[in-house]
Amino acid sequence: PQPTPSIAPQLAQTQPPEVHRFPIQPLNRFQGASASIKRPREVAHFSYDDNHEYRDDESSINYYLPPPVGADLKEGFDTFRHYEEKEDPHLDSLLKALAHKESKDTEGSKTKADFVTWRGMMTKIMTAPYDTFAEFSMFATLHDGTIYIEEDFPSRSASRAAESSRPPPRHLHPDQQSQAMMSYWGYKFETLSLIPTLPSTTPPDQIRKHQQSITSNHAQHCSIVHTSFGPHSLLLGGEVDGLLSPKPTNPDTPIPWVELKTAEELPPPARQQHRDILKFERKLLKFWAQSFLLGVPRIVVGFRSKSGILRGLQMFNTHELPGMVRRGTACWDGNVCINFAAEFLGWLKETVREEGVYSVVLRKKGGVVEVRKVREGTGGIVSEEFLAWRKKQK
Ligand code: A3P
Ligand code: MG
Ligand code: MG
């Protein structure tokens, strides 16, 4: 067998660490009504500014406006200001925002949950049952009754580096686009669909000017929600693309966030084949899980041609997607995803019971999530700043 590539230093012990396994199949054990879920509620938020610097505010919130159909999403590729993480971000910004929130709370109430992680980690977990090629690598640590989960950044950046050093295919079909271009047009779609001011009160020339501005993914607005899967409570942080209308002041009112996505246009109905619908509905699983987790109620899909021309727009209600797919190709079941995640979190609670860093890995075509303790300490998963803040509160 291949030795396990691990960037985290191994535990100094003679015995190999105990490996705990959670098989994904068979899925029928997750069928039926879904575990009870609470509607996610925002507890904190933060922004990254145009230099990707952290800010305790709403400065990077944008509003949605329908982008011009016919636009070429390839435009501006050469001037794209692409932010790529060079250092391990851990959970630092999320924890900074939580500490900030706690410091403002008059009752001094702590923002506590069984799990704290980025939304992206939960998306990977929730969608694993229906992705035969799913793979992930995360680290988890138990601190003061909470399990903190982060992405295995060293292994992700290693696989990205390997990907980008691979020479691009020598002969691209005229319809084919490079990976970099395909990733760019998702951001270009956002530039065309989002502005920092309310569209109804923004002069049209200002809107046009904004739409023609240089595309950058440095700025972001992140929402941190409290949610639960069955008996397990979670604090999740993730990027929200924009608002459909101003953010309500009443914390009990759902926030009208909108998630923006691009997808390849479907052939006209007369030429549509089962596999076209299947491809799209498979994509909807990711869109749904990602939005569901943060309580994002609407998803706008920009349909584009193979060469990146925006051909049409459609707005979906997030909560209607599982039913739509059930009546369609039935290629995934939202209840199974929710029940799987609830069971998995319960199992993780039983497994990560001591302090230390645990690796949580799903290998490609592995079908089994493996958890093993890889070292002592918290591995930087919980920032020093946050540890100090919590200590001060005690
Ligand atoms: P699309 O998903 O429309 O292609 P998000 O939808 O999560 O807000 O991300 C915005 C865009 O970032 C994506 O738009 C895509 O272009 C790019 N992107 C996100 N995650 C990516 C990844 N893992 N690899 C490449 N591009 C990614
Ligand atoms: Mg986004
Ligand atoms: Mg998006």
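Remember, it's 1-based here, ligands and their atoms both numbered in the order they're listed. The figures here come from the full heavy-atom set of this structure, side chains too, leaving out hydrogens, waters and symmetry mates.
In summary, the aromatic rings of Phe280 and Phe303 are positioned with their centroids under 6.0 Å apart. You'll find the ring centres of Tyr358 and Phe139 outside the 6.0 Å limit. Checked against the 6.0 Å centroid criterion, the rings of Trp389 and Phe386 do not qualify as a close aromatic pair.
Below 30°, between 30° and 60°, or above 60°: for Tyr184 and Phe77 the angle between ring planes is above 60°, a perpendicular geometry. Under the 30°/60° scheme for interplanar angles, the aromatic rings of Tyr83 and His52 are found to lie parallel.
Of all non-hydrogen atoms in Leu293 and Thr227, the two that sit nearest each other are O-CG2, 4.5 Å.
For the 3.5 Å distance criterion, the side chains of Glu102 and Thr111 qualify, holding a donor opposite an acceptor.
Nearest N/O/S atom of Glu239 relative to the Mg ion (ligand 2): this is OE1. Distances from the Mg ion (ligand 2) to the N/O/S atoms of Asp241 are shortest for OD1.
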Pairs under 3.5 Å, N/O atoms on ligand 1 and on the protein: can you put them in a table with the distances?
| from | atom 1 | to | atom 2 | distance (Å) |
| --- | --- | --- | --- | --- |
| ligand 1 | 3 (O) | Thr262 | N | 2.7 |
| ligand 1 | 3 (O) | Thr262 | OG1 | 2.9 |
| ligand 1 | 4 (O) | Thr262 | OG1 | 3.2 |
| ligand 1 | 6 (O) | Glu259 | OE2 | 3.1 |
| ligand 1 | 6 (O) | Leu260 | O | 3.4 |
| ligand 1 | 6 (O) | Lys261 | NZ | 2.7 |
| ligand 1 | 7 (O) | Lys261 | NZ | 3.4 |
| ligand 1 | 7 (O) | Gln290 | NE2 | 3.1 |
| ligand 1 | 8 (O) | Glu190 | OE2 | 3.3 |
| ligand 1 | 8 (O) | Asp241 | OD1 | 3.3 |
| ligand 1 | 8 (O) | Asp241 | OD2 | 3.3 |
| ligand 1 | 8 (O) | Glu259 | OE2 | 3.3 |
| ligand 1 | 12 (O) | Tyr187 | OH | 3.1 |
| ligand 1 | 16 (O) | Ser183 | O | 2.6 |
| ligand 1 | 26 (N) | Ser183 | OG | 3.2 |

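Cation-pi geometry between Arg29 and Phe22 is met: under 6.0 angstrom from the ring centre, within 45 degrees of the axis.
Residue Gly186: no N/O/S atom is found under 2.8 Å from the Mg ion (ligand 3).
Angle O(Leu260) to the Mg ion (ligand 3) to OE2(Glu259): 80° [nearest 10 degrees].
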